[in-house]
J.: 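Dropping the structure in here first, questions after.
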Amino acid sequence: QVQLVESGGGLVQAGGSLRLSCAASGRTVSSYVMGWFRQAPGKEREFVAAINRSGRNTYYADSVKGRFTISRDNAKNTVYLQMNSLKPEDTAIYYCAARDRGGNYYSPHEYEYWGQGTQVTVSS
């Protein structure tokens, strides 16, 4: 079993950047497909980005493609989400998630392990 802890959230102006980190413990993160999801008030949790075990393949929601980059450092047991050109509509709690079974990269229901989330607020 793996434990996930997110960090790096905060308040930023529109057009700014943040880098979120997801530190894993308990098991090596290389065993898992990793994803980032977000949830805004009153909305369902939605897919943001995912990365396969090797890091060679990445997947993005259309709303963040070209602005966000997911990466992983298996040696540091950490996954990152670099967020550039942030918009007010990116405001949400961002969650890191992991799964060690096959399935849909985009559905939160396919992920077994979750962090507690980190708040990202983008002001206009």
Side-chain angles (χ1 to χ4, degrees):
Q1 196 167 2
V2 66
Q3 291 79 45
L4 304 173
V5 178
E6 303 95 336
S7 61
L11 174 64
V12 64
Q13 288 189 331
S17 298
L18 284 174
R19 188 176 82 155
L20 305 184
S21 299
C22 173
S25 62
R27 280 188 65 183
T28 176
V29 73
S30 61
S31 301
Y32 300 92
V33 170
M34 302 297 296
W36 286 96
F37 291 78
R38 67 187 182 187
Q39 189 166 17
K43 295 188 176 181
E44 293 188 354
R45 192 167 297 189
E46 66 174 3
F47 170 78
V48 175
I51 188 167
N52 71 344
R53 290 176 179 83
S54 69
R56 291 194 186 97
N57 295 323
T58 56
Y59 308 85
Y60 297 94
D62 288 342
S63 59
V64 307
K65 205 170 291 183
R67 300 188 297 122
F68 291 11
T69 303
I70 187 172
S71 62
R72 64 193 303 157
D73 186 337
N74 288 340
K76 293 184 177 180
N77 234 22
T78 302
V79 176
Y80 304 98
L81 185 68
Q82 178 66 46
M83 306 187 296
N84 299 329
S85 302
L86 282 161
K87 304 175 181 180
E89 51 263 43
D90 294 319
T91 295
I93 299 174
Y94 283 70
Y95 297 91
C96 175
R99 62 176 174 85
D100 61 6
R101 61 191 182 196
N104 187 328
Y105 283 101
Y106 306 97
S107 172
H109 303 294
E110 299 289 347
Y111 290 77
E112 301 150 273
Y113 308 104
W114 292 84
Q116 83 290 347
T118 185
Q119 176 71 47
V120 172
T121 303
V122 184
S123 63
S124 57

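For the single chain, residues carry numbers from 1 onward in sequence order. Worth knowing before you read on, the calculation uses all heavy atoms, side chains too, and leaves out hydrogens, waters and symmetry mates.
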J.: Going by the side-chain hydrogen bond (donor to acceptor under 3.5 Å, both in side chains) test, which pairs reach into residues 79-99, not counting sequence neighbours?
T.: S17-N84, R38-D90, R38-Y94, R67-D90, Q82-N84
J.: Of all the heavy-atom pairs spanning N74 and V29, show the shortest one and how long it is.
T.: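 N74 and V29 have their closest heavy atoms at OD1-CG1, 3.5 Å.
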J.: Could you measure the distance from the CG atom of L81 to the CG atom of L20? Nearest 0.5 Å is fine.
T.: 5.0 Å
J.: Strictly by disulfide (SG to SG under 2.5 Å), give each pair with a member in residues 8-101 just once, sequence neighbours left out.
T.: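 Those involving residues 8-101 are C22-C96.
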J.: Are there over 12 heavy-atom neighbours, none belonging to R56, within less than 6.0 Å of that residue's CZ?
T.: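 Counting neighbours around CZ of R56, 12 or fewer heavy atoms of other residues, nucleotides or ligands fall under 6.0 Å, so no.
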J.: Who pairs with D73 by salt bridge (Lys or Arg N to Asp or Glu O under 4.0 Å), at least two apart in sequence or on another chain?
T.: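 Not a single residue meets the salt bridge (Lys or Arg N to Asp or Glu O under 4.0 Å) criterion with D73.
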J.: Say you draw a straight line from OG of S31 to CZ of R53; how long is it, rounded to the nearest 0.5 Å?
T.: 7.5 Å
J.: For V2 and A98, which heavy atoms make the closest approach, and how far apart are they?
T.: CG1-CB, 4.3 Å
J.: Determine the sole option in F37, F68, Y60 for which the ring-ring contact (aromatic ring centres under 6.0 Å, His included) test with F47 is passed.
T.: F37
J.: Y59 and V33: same hydrophobic cluster, using ILVMFWY side-chain contacts below 4.5 Å?
T.: yes
J.: Going by the side-chain hydrogen bond (donor to acceptor under 3.5 Å, both in side chains) test, which pairs reach into residues 103-112, not counting sequence neighbours?
T.: none
J.: Which residue pairs pass the ring pair (Phe, Tyr, Trp, His ring centres under 6.0 Å) test when at least one of the two sits in residues 9-32, sequence neighbours left out?
T.: Y32-Y113
J.: If you take all heavy atoms of S124 and A14, which pair is closest and at what distance?
T.: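 Nearest pair, atom of S124 first, then A14: CA-CB, 4.4 Å.
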J.: Residues two or more places apart in sequence or in another chain: which of them pass salt bridge (Lys or Arg N to Asp or Glu O under 4.0 Å) with K43?
T.: none
J.: Would you compute the distance between atom CD of Q39 and atom CD1 of I93 and round it to the nearest 0.5 angstrom?
T.: 7.0 Å
J.: Do Q1 and R27 pass the side-chain contact (heavy atoms from CB on, under 4.5 Å) test, and can you show the C-alpha distance, the side-chain angles, and the key distance before you say yes or no?
T.: CA-CA 6 Å; Q1 196 167 2; R27 280 188 65 183; 5.6 Å; no
J.: A side-chain contact here means heavy atoms from C-beta on lying under 4.5 Å apart; do M83 and V12 qualify?
T.: no
J.: Which value, rounded to the nearest 0.5 Å, describes the distance between T78 atom OG1 and M34 atom CE?
T.: 9.0 Å
J.: Which heavy atom of N52 sits nearest to which heavy atom of R72, and what is that distance?
T.: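 Heavy atoms only, the tightest pair is O-NH1, 2.6 Å.
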J.: Does the side chain of I70 come within less than 4.5 Å of V79's, by heavy atoms?
T.: yes
